[in-house]
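Just so we're on the same page: letters track the sequence lines, and every chain starts at 1.
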2 protein chains.
Amino acid sequence: MNVGGQSLEFILVKFPSLELSESLLRNSLKRREFVTVAGNCECRYTGRASSHLGWGERLILIKGDGSIQVHRPKGYEPVNWQPPQCNFYVHRSGGLLFIEAHRRRPRESLTLNFDRIIFYSSFKPVDNAEFNLYVSEEQMRDALIRDPSILEDGLELVDFERKVEPGFIDFYGRDADGRLVIVELKRSQAGKEAILQLKRYVDAVLKITGQNVRGVLAAPRLKSGAQGLLVELGLEFRRLTPRKCAEVLKKSGTRKISEFI
Amino acid sequence: MNVGGQSLEFILVKFPSLELSESLLRNSLKRREFVTVAGNCECRYTGRASSHLGWGERLILIKGDGSIQVHRPKGYEPVNWQPPQCNFYVHRSGGLLFIEAHRRRPRESLTLNFDRIIFYSSFKPVDNAEFNLYVSEEQMRDALIRDPSILEDGLELVDFERKVEPGFIDFYGRDADGRLVIVELKRSQAGKEAILQLKRYVDAVLKITGQNVRGVLAAPRLKSGAQGLLVELGLEFRRLTPRKCAEVLKKSGTRKISEFI
DNA sequence: CGTGCCAGGTGCCAT
DNA sequence: ATGGCACTTGGCACG
C-alpha cells in the first residue's frame with residue numbers, strides 16, 4: 001500500500017480457486033507481503049509439541065517477516081502459529097492447497113491444508129510509527145514518592161523536584177545506609193542523554209554537599225549500549241515499569257501527594 | 001459462512017468509505033461476526049499501562065467473542081489488543097472513524113481511529129473441530145501415574161497433585177526402599193527454576209513428615225549448567241521423554257486415570 | 001549462539 | 001474473585 005489511498009500491489013479476491021490461491025500466495029510470499037486468507041482448513045503442528053486441529057473455517061495471517069498465525073472464530077490467541085523467519089512451501093495435492101511453514105532451531109513445522117478459500121488478500125502496509133508504552137513521568141514520580149521502596153528497600157524521600165544548577169531533580173532521597181540518592185526518571189526506554197543528565201545532577205549535588213551521592217536512573221528499560229556509559233560514570237539503573245507505578249498509584253488511592261511528603 | 005462454499009452473510013469490500021465502514025461494523029458487531037479490517041490508523045491504549053502508536057497501515061481482527069487485536073506488518077504478536085468480552089463503540093468524528101473497545105476488571109480501553117479503510121471483511125466462520133495438543137505436562141503426569149516404573153523400578157504412586165505449602169506436587173510416591181519420592185515434571189528442558197521449585201516441595205514435605213525425602217526432577221532433558229545446582233541441593237534427575245509417555249498412554253489405552261489411583 | 005527475565009503476558013483450573 | 005502455574009509462551013538484553 002501507499003499514500004493517497006491508491007492501491008499499489010493490493011489484492012483482494014472473493015472465493016478464489018485453489019489454483020489461483022496457490023499462485024497468489026507464491027507471489028505474495030516472494031514479495032514478502034502481508035497476506036490474509038480465510039478458508040476451510042485442517043492444521044497440523046509438530047515440533048516442541050504436536051497438535052492436530054480438524055476441519056473448520058479460520059483466518060490465517062502471514063506477515064512479511066515470515067510469521068504465520070491461524071485464528072479460530074473465538075479466543076484472543078491463535079490456535080496455531082509459527083514465529084517470524086520461517087520458510088514457506090505452497091503446493092496443491094489431492095484437490096487440496098497446502099501451506100507449510102518450517103522453522104529451524106527449534107525445528108518445527110506447521111502445515112495447513114485447505115479445500116476452500118473464502119477470501120484472499122495481500123498488501124504491503126506502510127507503517128513506520130513508533131510504539132510507546134508508558135505512564136506519564138509525573139505519574140511515575142508520584143508513585144515513587146508514595147512508595148520509594150518500589151525502587152529499593154529502605155529508600156526514603158527527602159525532597160522532589162529539587163532545584164540544582166543544571167535543573168530539577170525528579171526524586172531526592174536517602175538510602176538504607178543514609179547515603180544521598182538522586183533519581184532520574186524516564187517514562188520509556190532511557191538512553192545516553194538521561195544518563196548524562198543524571199551525571200550532571202550528581203556532580204552538582206556532590207559539589208554542594210560534599211557528601212557521597214548515588215545516582216540512580218529509573219526507567220522501564222535501558223537502551224542497549226547505554227549500560228557501558230552508566231557503569232563508566234558510576235551510576236546505577238533500576239527497572240521501574242508502568243505496571244508497578246500503576247499498582248502503587250491504585251493502592252495509595254486518591255489521597256493527595258501532599259500527604260506523603 | 002456455511003456449507004457448500006456459498007456466502008451466507010459474507011461481506012468483502014475494497015476501499016469502503018468511512019461512512020460505509022461504520023455501518024458495516026455496527027452490523028457485524030451486533031451479529032458477532034469475525035471482522036477483518038485493514039486501514040490507516042492511530043492506536044491508543046490505557047489501562048494496566050498506557051500506550052500510543054502513531055499513524056500507519058495495520059490489520060485489525062475483531063472476533064465474535066468480543067476480542068480485538070491490531071497487527072502491524074511485522075511481529076508475531078499484536079501491537080495492541082483487548083481480550084474477549086469487551087464492549088465496542090463505533091462512531092465518526094472529525095472525518096475519522098473511531099473504534100473503541102472497553103473492558104471492566106481490569107478497567108481498560110483501546111481506541112483506534114482511521115482515516116482510510118483499505119478493505120473490510122466479515123463472516124461467521126463455522127469451526128467446531130477439536131484441538132488436540134499432544135504430550136502436555138498433564139499427559140506426562142498421567143503416564144507416570146499409569147506406570148511409575150518408567151521413571152524407576154519399584155516406584156509406586158502414593159498421591160498426585162498433592163497440596164503442600166508452596167503449591168502442588170506433581171507426583172508423590174514411594175520407592176523400592178520405602179522412601180518418599182517427590183517428582184517434579186517438566187514437559188520440556190528443565191532449568192534452575194524447576195530445581196528450586198522441587199527443592200521447596202522437598203523441604204516442605206521434610207518439615208511435615210520428618211522423613212527422608214527424595215526429590216526427583218523428571219523431564220526430557222536438563223538445561224546445561226543446571227546439573228550443579230541439582231547436585232548441590234541433593235536432588236536427582238531422571239530423563240522422561242514425550243515418546244516414552246506417549247507409549248505408556250497408548251498401551252494403557254482409554255482407561256480412565258481413576259483406575260490407576 | 002544459549003540463558004535469564006519480563007509481560008498490558010494469556011489461559012486453565014484450583015480454592 | 002484470587003492464586004498457582006504452564007505456555008509450541010514471545011520478546012529483549014546480556015555473556
Side-chain angles (χ1 to χ4, degrees), chain A residues 43-53 65 67-70 74-86 101 103-110 131-135 189 220-228 231 237 239-247, chain B residues 43-53 67 69-70 74-84 101 103-110 131-141 161-170 184-194 196-197 200-201 219 223-226 242:
Chain A
C43 315
R44 287 169 204 281
Y45 159 78
T46 177
R48 286 168 288 182
S50 306
S51 75
H52 175 250
L53 176 63
D65 62 357
S67 65
I68 180 171
Q69 45 195 293
V70 180
K74 290 178 187 303
Y76 155 75
E77 296 190 321
V79 62
N80 280 121
W81 70 94
Q82 206 69 261
Q85 291 172 343
C86 56
R103 188 159 79 117
R104 319 216 161 210
R105 220 160 25 254
R107 185 159 195 100
E108 50 185 2
S109 66
L110 175 62
F131 177 70
N132 267 308
L133 184 68
Y134 59 93
V135 292
Q189 210 178 38
R221 67 204 323 179
L222 203 56
K223 269 183 189 158
S224 70
Q227 178 77 29
V231 173
F237 173 73
R239 182 177 162 79
L240 187 59
T241 62
R243 163 102 193 206
K244 188 69 192 172
C245 293
E247 271 173 29
Chain B
C43 314
R44 288 169 203 280
Y45 158 79
T46 177
R48 286 169 289 181
S50 307
S51 75
H52 175 250
L53 176 62
S67 65
Q69 45 195 293
V70 180
K74 291 179 186 304
Y76 156 75
E77 296 189 321
V79 61
N80 280 120
W81 71 93
Q82 208 67 266
R103 189 159 79 118
R104 319 208 161 220
R105 218 160 28 251
R107 186 160 193 99
E108 48 186 4
S109 66
L110 176 61
F131 176 71
N132 267 307
L133 184 68
Y134 304 115
V135 197
S136 60
E137 191 171 307
E138 188 187 356
Q139 285 174 299
M140 287 181 77
R141 198 205 56 189
E161 292 288 320
R162 173 172 289 209
K163 179 88 179 74
V164 293
E165 179 38 43
F168 293 89
I169 294 172
D170 289 323
E184 173 65 26
L185 290 167
K186 287 294 161 204
R187 59 175 303 290
S188 56
Q189 209 179 38
K192 214 180 275 186
E193 198 178 20
L196 294 173
Q197 192 176 340
R200 286 194 294 272
Y201 292 145
K223 269 183 188 160
S224 70

For A:Y76, ring-ring contact (aromatic ring centres under 6.0 Å, His included) partners two or more places apart
B:W81
Using a 4.0 Å heavy-atom cut-off, write out nucleotides 10-15 of chain D from 5' to 3' as B (base contacted by protein), S (sugar-phosphate only) or - (no contact).
SSSSS-
Answer with base, sugar-phosphate or nothing: what part of the nucleic acid does A:V135 contact at a heavy-atom distance below 4.0 Å?
nothing
B:S51: which residues meet the side chain to side chain contact (heavy atoms under 4.5 Å, CB included) condition with it, sequence neighbours left out?
A:F131, A:L133, B:Y45, B:N80
Send over the distance from B:Q69 CD to C:dT10 P, rounded to a whole Å.
12 Å
For A:K223, the salt bridge (Lys or Arg N to Asp or Glu O under 4.0 Å) test, sequence neighbours excluded, returns none
Tell me the interatomic distance from B:R141, atom CZ, to C:dC13, atom P, rounded to whole angstroms.
12 Å
Could you give the CG-to-C1' distance, from A:L110 to D:dT8, as a whole number of Å?
10 Å
Just how far, in rounded Å, is C1' of C:dG8 from CG of A:N132?
15 Å
Is B:S50 touching bases, backbone alone, or none of the nucleic acid, heavy atoms closer than 4.0 Å?
nothing
Rounded to the nearest 0.5 Å, how far does OG1 of B:T46 lie from CZ of B:R107?
10.5 Å
Using a cutoff of under 3.5 Å, can you pull out all pairs of nitrogen or oxygen atoms linking the protein to nucleotides 2-6 of chain D, with atom names and distances?
{"residue": "D:dC5", "atom": "OP1", "partner": "B:Y201", "partner atom": "OH", "Å": "2.7"}
{"residue": "D:dA6", "atom": "OP1", "partner": "B:K186", "partner atom": "NZ", "Å": "2.7"}

Listed partners of B:R48 passing salt bridge (Lys or Arg N to Asp or Glu O under 4.0 Å), at least two apart:
B:E108
Qualifying residues under salt bridge (Lys or Arg N to Asp or Glu O under 4.0 Å), relative to B:R44, sequence neighbours excluded:
B:E42
Going by the rule side chain to side chain contact (heavy atoms under 4.5 Å, CB included), which residues pair with A:D65 if we only count those two or more places apart in sequence or in a different chain?
A:K63, A:S67, A:P84, B:K74
A:Q82 has an atom CD; how far is it from atom P of D:dT8, in whole Å?
12 Å
How far apart are the closest heavy atoms of A:L222 and A:Q189, and which atoms are they?
C-CG, 4.0 Å
Side chain to side chain contact (heavy atoms under 4.5 Å, CB included) filter on A:E77, not counting sequence neighbours, yields none
Can you tell me how far P in D:dG4 sits from the matching atom in C:dG8, rounded to whole Å?
22 Å
Atom pair distance, as rounded to whole Å: CD in B:E193 and P in C:dC5:
9 Å
